[in-house]
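Note that the structure is predicted; figures quoted are calculated from it, not measured. Excluded from the calculations below are hydrogen atoms, water molecules and symmetry mates; all remaining heavy atoms, backbone and side chain alike, are included.
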Amino acid sequence: MKTIAKIWGAFMILLFATLFFSINANASTVSLVPNNESAASQNKATLQKAINAASTGETITIPKGTYYLSGEIMVKSNITIQGEDMYATKLYIDKGFVSPYIQIPADTGLGVSNLTMKNMSMGMNPNTVPTIDINADAVQEYGKGTALDTNKKNFSFIEISNKYSGKYNPNTPRTNKNLTFSNLILDGELKGDSGIFLGDAENVTVTNSTIKNIGAKNGISLQTCSNITIKNNTITNVGRSSIFMYLGNKNITIENNNMKDWLQRFGVLHYFQLINEGMTKEKASQTTNNDSGIYSYGPANEGIFIRTISLAFQKERKIRIMLSLQNMASQTHNPLCTPLFVYQERKILRSLVMMCSLPPQTPTVF
C-alpha cells in the first residue's frame, strides 16, 4: 500500500506541475524600463519583440509602472496584451498600437483576429507629441501638411484597420475579427487623432473604458464595421465626436455610455482646413460642422441601436438647444431617436445630436 501511495503521490505532483507549466506557458510578463523617457525606443523594441514571439493564446502582461514608448507597436492575432493594473500600468506613447495590415487593402483578406487589449492606461508623450491648441497661431496652418498635422498628430491610441481605398465599397470584407478592448484609460491630453479607430472589423466590444481629451477628432471611430458593441464607457472632451460612424457600418449597439463635451477643437481645425483648400473665409465661416456626440456620417450606416446614454455640454459654453424634426438623408436610424440641433456660441462650432434612448428623453445640460 505504501508503494502505491508513493506512486500516486508522485503522479499527482507530476500532474500539478504539468498543469502549472502548461497554463503559464501561455502567459508572459514583459520587462520594461520604468520612469525613463530616454528608454522609450528600448521599451518599444522590448514590447514588440514579446508580441512577435507570442504563441497562439498567449497573454502578455505589462507590470505596474510608468513607461515611455517611441514608435508604432504592431499587434497580431490570437494574443492578449494587458496591464497588471488599469490605473497603475501607464504607457506614454508617441505612436499607437496598430494593425500590421494598416497599409494593405481589406480585399487581400489580411487582418487581425482574436486580439484583446485591457487593464492599462495610456497617454501621449508630453514632450514629443505637440498639443492641438486652437487658440495658437499655428492652427491657421491646419490642412497644409505642415507640423500641425504630421504623423505625430494624426495617430490614434489603437488603430485596427486596413487601408481605405478612398471610396465606399459595399463589398469590403471584414478582415479584423473578434476584438476586445476593456478597462482602458486613454487620455489624449489634447493631442492625437482618435482614441480607438476601427476599420473593416466585425464582432468587436469596447467596454468599461475612459476616453478623454482627444486632440483633433473622435473618442471612437468606426468605418465599414459590423456587430460592434460600445458599452459602459465614459468619453469626454473630444475634438470632434464622442462616437463617429463614417460609412458602411452595420449592427452597432451603443449602450450606457456617458459622453460630454464633443466638438471642442475640430470646428476650428475644419474652418482653417477649408481655407487652406481654397475656400474664402466668408464661405468657410458659413459652412457648418454638423458633427455630434454620436454621429452617423454615412452613407450606408444601418442598424444603429442607441440606448440609455448621457449627452452633455458645460453651461459656461452657453449652449442653446433647439428641437428639430430634420433627419439626415440616406441614413437608417433607430426610430426612437430625437434629432436635436446644438449650436455652440463660437464661430463655426455647430453640432447635430442624434439623441437616442429608451424611452426618448431630453439631454442633460450641465
Side-chain angles (χ1 to χ4, degrees), residues 72 74-78 96-115 143 145 149 151 154-181 192-206 214 216-230 239-254 266 269-270 273-274 277 287 289-292 294-306 327-334 337 352 354:
E72 284 184 339
M74 296 286 184
V75 300
K76 72 175 188 180
S77 298
N78 304 309
F97 286 78
V98 302
S99 164
Y101 311 112
I102 200 167
Q103 295 299 329
I104 298 176
D107 57 15
T108 62
L110 297 173
V112 174
S113 299
N114 305 313
L115 169 71
D149 45 352
N151 289 333
N154 292 332
F155 72 91
S156 303
F157 282 104
I158 299 169
E159 183 168 357
I160 309 300
S161 180
N162 290 80
K163 185 176 181 180
Y164 180 48
S165 65
K167 60 182 179 180
Y168 171 60
N169 179 0
N171 298 315
T172 299
R174 302 325 195 227
T175 52
N176 304 295
K177 303 177 181 180
N178 307 324
L179 311 176
T180 301
F181 306 99
D193 188 85
S194 292
I196 298 175
F197 186 99
L198 300 173
D200 314 311
E202 68 179 0
N203 302 331
V204 181
T205 60
V206 182
I214 302 301
K217 293 187 182 175
N218 312 306
I220 298 172
S221 302
L222 305 177
Q223 182 160 289
T224 54
C225 293
S226 303
N227 304 327
I228 310 296
T229 298
I230 301 171
R240 193 173 188 180
S241 295
S242 301
I243 299 171
F244 196 106
M245 293 167 280
Y246 281 94
L247 50 83
N249 299 290
K250 297 182 179 180
N251 301 327
I252 312 299
T253 298
I254 301 170
F266 188 72
L269 298 177
H270 185 249
Q273 180 179 343
L274 293 176
E277 289 175 352
T287 301
N289 222 184
N290 291 331
D291 298 342
S292 59
I294 300 173
Y295 192 22
S296 177
Y297 185 84
N301 287 329
E302 301 175 358
I304 312 299
F305 301 96
I306 306 175
N327 209 328
M328 290 181 290
S330 73
Q331 305 292 321
T332 301
H333 295 291
N334 186 326
C337 289
L352 174 66
M354 298 309 300

Main chain of S113, side chain of N178: is a donor-acceptor contact present, judged purely on distance under 3.5 Å? no

To the nearest 0.5 angstrom, please state how far the CZ atom of R240 sits from the CZ atom of F266. 4.0 Å

Output yes when a side-chain donor or acceptor of N176 lies under 3.5 Å from a complementary backbone atom of G199, and no otherwise. yes

Is any side-chain heavy atom of C225 closer than 4.5 Å to a side-chain heavy atom of N249? yes

Can you see which heavy atom on F197 is nearest to which on S161, and at what distance? CE2-OG, 3.8 Å

Point-to-point distance, once rounded to the nearest 0.5 Å, from CG of N203 to NZ of K177: 8.5 Å

Shortest non-hydrogen contact from M245 to N301? O-ND2, 3.2 Å

How about NZ on K76, more than 12 heavy atoms from neighbouring residues, nucleotides or ligands closer than 6.0 Å, or not? yes

Please report the interatomic distance CZ(F155) to CG(D193), rounded to the nearest 0.5 Å. 9.5 Å

Nearest heavy-atom contact between L198 and L179 is CD2-CD1, 4.4 Å

Atom CG in L269, atom CG in L274: separation rounded to 0.5 Å? 11.0 Å

Can you see which heavy atom on K217 is nearest to which on S194, and at what distance? CB-OG, 3.9 Å

Heavy-atom closest pair, residues Y168 and G248: CE1-CA, 3.6 Å

Is N162 reaching over with its side chain to a backbone N or O of I104, donor-acceptor style, under 3.5 angstrom? yes

Does D200 reach the side chain of Y164, with side-chain heavy atoms less than 4.5 Å apart? no

State, yes or no, whether a side-chain contact exists between L222 and I230 at a heavy-atom distance under 4.5 Å. yes

Answer yes if the side chains of S77 and N114 hold a donor-acceptor pair under 3.5 Å, and no otherwise. no

When rounded to the nearest 0.5 angstrom, what distance separates OG1 in T229 from CG in N251? 9.5 Å

Among side-chain atoms of T224 and T172, is any donor-acceptor pair under 3.5 angstrom? no

Nearest-0.5 Å distance, OH of residue Y295 to CD1 of residue I243: 15.0 Å

Can you name the closest pair of heavy atoms from P100 and M74 and give their distance? CA-SD, 3.6 Å

Find out whether F181 and I158 are in side-chain contact, i.e. whether some heavy atom of one side chain is under 4.5 Å from a heavy atom of the other. yes

